[in-house]
Each structure stands twice: as C-alpha cells, then as structure tokens.
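In what follows, a structure is listed as structure tokens, so that the remarks can point back to it.
Residue indices begin at 1 and follow the sequence shown. Each ligand, and each atom within it, is numbered from 1 in the order the structure gives.
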Amino acid sequence: MDRFICPHCKRFYPIDRRRWRCDCGSGLDLCFESRFPIGEILKRGPTLWRYREAIPILSDESILSMGEGFTPLERMELAGHRVFLKIDYLFPTGSYKDRGATVLVSKLRELGIRKVIEDSSGNAGSAIAAYCVRAGVECELYVPASTSPGKLAQIEAYGAILRKVEGSREKTAEMARKAASKIYYASHCWNPFFLHGTKTFAFEIWEQMGWKAPDTVVIPVGHGTLLLGAYIGFKELKEAGMVKRIPRIIAVQSAACAPIYRAFRKGWRETFPAEKGETVAEGIAIANPVRARQILEAIRETGGEVLTVTEREIKVAMKEMGRRGHFIEPTSAATIAGLKKYLDQRKKEETVVSTLTGMGLKFIK
Ligand SMILES: *Cc1c(COP(=O)(O)O)cnc(C)c1O
Ligand SMILES: [Zn+2]
C-alpha cells in the first residue's frame with residue numbers, strides 16, 4: 001500500500017484525506033515503486049498515461065484523462081546552440097499543470113472525494129478546475145481579489161466556485177489552508193499526487209530521446225511543481241536502472257522575485273520570504289515557496305544552478321519565440337531567457353532540454 005513519507009524527518013503516514021503536510025511542517029512525498037515496461041509503454045496511446053506502471057493510481061477505472069501529455073520535443077537552434085524544447089503549452093488547459101491535475105483528480109476519484117479547495121489565480125487553478133468539473137468534483141478556488149478579471153475567465157468557464165480574498169497571494173493561501181482542515185486540499189504545491197503527475201515530463205523526454213536522459217534540463221521555478229516533478233521522474237528512472245544519472249537541473253527565476261536564487265547563492269538550506277517586485281513572469285513570482293528545501297536539494301544534488309532573468313530579457317525571449325511560431329505567456333518566456341543565458345556560459349557540448357510551459361493566449365491584456 002502506498003504511504004506518505006516526509007522527505008525532511010522521514011516520518012511515514014497512511015494516505016489520509018485530511019493530511020496535506022508533515023507534523024514537522026514539511027511537504028510530503030509518496031512511497032511508490034515505479035516500473036517502466038518499455039514493451040507495454042510502446043503499445044499504448046500518446047498520452048502521459050502510457051507510463052501507467054509509474055503513476056500511483058491503483059485502478060484504471062479511477063483515471064480521468066483528457067488525452068493530455070506526450071507533447072512534442074522540438075529540436076531548435078538557439079543562441080548558436082542545438083537545444084530541445086518540450087512543447088508543454090499543448091495541454092487541454094494551455095499549460096503543463098494538466099500533468100499534475102490529471103493524476104491528482106484521478107486520485108480524488110479513487111478516494112471518493114467529492115469536494116476540494118485550492119488556491120491559485122493562474123494555471124494551476126485552471127487545470128484543477130477543468131479536471132474537477134469533468135470528474136464531478138466540486139472545486140472551490142481561493143484567489144486574491146486583485147486578480148485580473150481576464151485571468152479568472154478561464155477558471156469561471158470551468159464552473160469553479162471563486163472565493164476572492166482581500167490582500168496578498170500569501171493571505172489567500174492562508175485562507176485556503178484554514179479551510180483545508182475540513183475540505184480536501186487539492187493544492188498543486190503541497191499535494192504529492194500533483195508531483196507524481198508532473199514527473200511524466202521526465203519520462204516523456206527519456207522516451208523521446210531514445211530512452212536516454214539529457215545532460216541538462218532548464219526549468220522555471222516558483223513553487224517548483226515542474227522542477228520537483230522532473231527531479232522525481234528522473235530519479236525514479238535512475239532507481240529502475242533506465243538511465244545512468246539524473247540530469248543537471250538549471251532553475252530559472254525572475255530577478256524581481258528570486259528567493260531560490262538567493263538561498264542557492266548563499267548556501268542556505270531554506271529560503272526566507274523574498275521581496276516581490278513587478279514582473280511580467282507572475283506565474284513564478286513566489287516569495288515563499290513551500291517546498292524550498294526540496295527544490296534546493298534537487299538543484300544541488302544534480303550539480304545544477306539557479307539563474308535569474310530581467311524584465312527586458314523576458315520580453316526579448318517572448319518575442320523571439322513568437323517569431324519561431326510559439327506564442328507563449330511571459331512566465332514561460334522567462335525560461336527561454338534563462339536558457340539563452342545558460343547556453344552562453346556553458347563550456348562543453350552537452351544535450352540540453354528546456355520547456356515552453358504556458359500558452360500566450362492566456363495572458364492577453
Ligand atoms: C506554474 C507555472 C510555472 C512553474 O511554476 P512553479 O510554481 O514552479 O510550479 C512555469 N510556467 C508556467 C506557465 C506555469 O503556469
Ligand atoms: Zn517531517
């Protein structure tokens with residue numbers, strides 16, 4: 001039977017619908033053994049569920065899929081280097097967050113949960129709302145009252161109940177956490193089932209590169225749902241003997257809000273709440289990431305690093321991607337700005353994979 005494990009104090013807990021973090025305050029992970037039967041994988045359709053034996057859902061009947069995943073891995077010349085980009089804005093709700101939502105909401109069905117809460121004003125909220133409505137699960141979303149109406153339109157279209165909170169993003173999260181003592185907390189940052197969906201990012205890259213891991217992956221980081229997913233995914237592949245090592249993880253933050261960057265540079269194991277300046281990359285402007293300790297460990301363990309990008313660099317990258325036929329949102333463009341910086345400074349030939357995380361149409365002002 002699967003269990004929760006605390007990556008920090010190593011305590012175990014049964015999978016319980018009320019528990020969303022460890023008594024020590026840390027986020028929880030799952031004890032789950034993944035298998036990768038390549039012959040079976042190859043017989044299945046082009047969705048992330050082709051890695052069925054690596055996804056912690058017990059019965060096939062619980063699966064709620066909208067055909068998500070197995071996105072293209074595009075080869076591209078950038079800043080004079082060859083790179084590969086995972087086109088992860090090609091998901092039902094327009095961002096890679098559907099990787100996490102399909103697994104998390106499938107788990108809700110398995111647990112018989114009929115109502116959840118989540119806090120997000122952006123892509124995670126949209127993804128959870130869309131999959132919940134398909135599953136017939138009631139979804140209550142806490143958002144800052146200041147969230148622009150345009151961003152709420154998609155969430156509203158999926159019929160989620162909106163709870164607008166006066167105050168900051170942090171205050172909104174606090175309100176959701178209070179409510180989470182009674183209602184299941186389907187949080188993309190706390191709930192480990194979300195990470196066991198985003199980890200399929202690693203599996204797809206592994207398959208698309210001919211069952212090999214790249215040397216380096218360049219990934220945006222706010223709360224780290226993609227970064228930790230990629231880390232867990234490659235780690236599982238390594239533990240199963242499918243790849244030799246986990247790629248170096250290069251994290252990208254906006255210079256306007258960069259708590260992970262600061263902690264990494266200073267050698268800290270934790271972050272301290274960062275100041276939040278104005279940035280177009282609002283999707284990764286997270287002052288106090290709840291899984292900071294795990295994020296820092298993953299970057300350090302893989303020999304990675306953290307880069308920051310300026311507002312100007314983000315805008316240039318966004319325009320450049322548009323000219324290559326990829327209309328992405330600013331948060332997604334921050335990754336490309338970071339990727340270019342990384343390519344400029346790297347010394348030797350290596351295989352680098354990065355990603356386009358979010359569709360541009362979401363952020364028309
Ligand atoms: C969520 C998101 C990210 C990464 O954010 P995390 O908080 O680290 O999970 C990056 N780009 C887009 C478009 C996103 O929606
Ligand atoms: Zn703990």
Original post:
Considering the options F203, W206, F36, which one meets the ring-ring contact (aromatic ring centres under 6.0 Å, His included) requirement together with W211?
Top reply: W206

**OP:** Angle at the Zn ion (ligand 2): provide the value between SG of C24 and SG of C9, rounding to 10 degrees.
**Re:** 120°

**OP:** Give yes or no for whether the N/O distance cutoff of 3.5 Å, strictly under, is met between S332 and ligand 1.
**Re:** no

Original post:
At the 4.0 Å heavy-atom cut-off, does A124 count as touching ligand 1?
Top reply: no

Original post:
Do any nitrogen or oxygen atoms of S95 come within less than 3.5 Å of a nitrogen or oxygen of ligand 1?
Top reply: no

**OP:** Determine, step by step, whether Y96 and T71 satisfy the side chain to side chain donor-acceptor pair (under 3.5 Å) criterion, reporting the C-alpha distance in whole Å, the side-chain angles of both residues, the deciding distance to 0.1 Å, and the verdict.
**Re:** CA-CA 10 Å; Y96 81 85; T71 56; over 6 Å; no

Original post:
What heavy-atom pair brings I5 and L30 nearest, and what distance separates the two atoms?
Top reply: CG2-C, 4.2 Å

Original post:
So, for F327 and Y89, is the gap between ring centers shorter than 6.0 Å?
Top reply: no

Subject >> Numbering as shown, the atoms of ligand 1 that approach T225 to under 4.0 Å (heavy-atom distance) >> reply: 6 (P), 8 (O), 9 (O)

**OP:** For the pair F70 and Y51, evaluate side-chain contact (heavy atoms from CB on, under 4.5 Å) and give the outcome as yes or no after the intermediate values.
**Re:** CA-CA 10 Å; F70 212 63; Y51 311 102; 3.4 Å; yes

Subject >> N123: numbered ligand 1 atoms lying under 4.0 Å from its heavy atoms >> reply: 13 (C), 14 (C), 15 (O)

**OP:** Ignoring hydrogens, just give me the one of G283, P220, G229, G100 whose non-hydrogen atom is nearest atom 10 (C) of ligand 1.
**Re:** P220

Subject >> Residue pair I284, V221: steps toward the side-chain contact (heavy atoms from CB on, under 4.5 Å) verdict >> reply: CA-CA 6 Å; I284 49 170; V221 60; 5.9 Å; no

**OP:** Could you list which atoms of ligand 1 come closer than 4.0 Å to a heavy atom of G222?
**Re:** 6 (P), 7 (O), 8 (O)

Original post:
Quick check: does T331 get an N/O under 3.5 Å from an N/O on ligand 1?
Top reply: no

Original post:
Heavy atom of G224 under 4.0 Å from ligand 1?
Top reply: yes

**OP:** Using a strict cut-off of 4.0 Å, indicate which atoms of ligand 1 neighbour a heavy atom of G358.
**Re:** 13 (C)

Original post:
Side chain of Q154, backbone of T93: donor and acceptor closer than 3.5 Å?
Top reply: yes

Original post:
Any N or O on V221 sitting closer than 3.5 Å to an N or O of ligand 1?
Top reply: no

Original post:
So, does Y96 sit close enough to ligand 1 that a heavy atom of it is under 4.0 Å from the ligand?
Top reply: yes

**OP:** Name the option, out of R291, K97, M359, E329, that contains the heavy atom nearest to atom 2 (C) of ligand 1.
**Re:** K97

Subject >> Any Q345 side-chain heavy atom under 4.5 Å of L307 side chain >> reply: yes

Original post:
What is the nearest protein non-hydrogen atom to atom 7 (O) of ligand 1, stated with its residue, atom name and distance?
Top reply: H223 N, 2.6 Å

Original post:
Would you say R134 has more than 12 foreign heavy atoms packed within less than 6.0 Å of its CZ?
Top reply: no

**OP:** Give a yes or no on this: more than 12 heavy atoms of other residues, nucleotides or ligands lie within 6.0 Å of atom CD of E239.
**Re:** yes

Original post:
With a cut-off of 2.8 Å, does any N, O or S atom of H8 fall short of it relative to the Zn ion (ligand 2)?
Top reply: no

Original post:
What is the nearest protein non-hydrogen atom to atom 11 (N) of ligand 1, stated with its residue, atom name and distance?
Top reply: T357 OG1, 2.8 Å

Subject >> Test: E110 and K107 ion pair at under 4.0 Å >> reply: yes

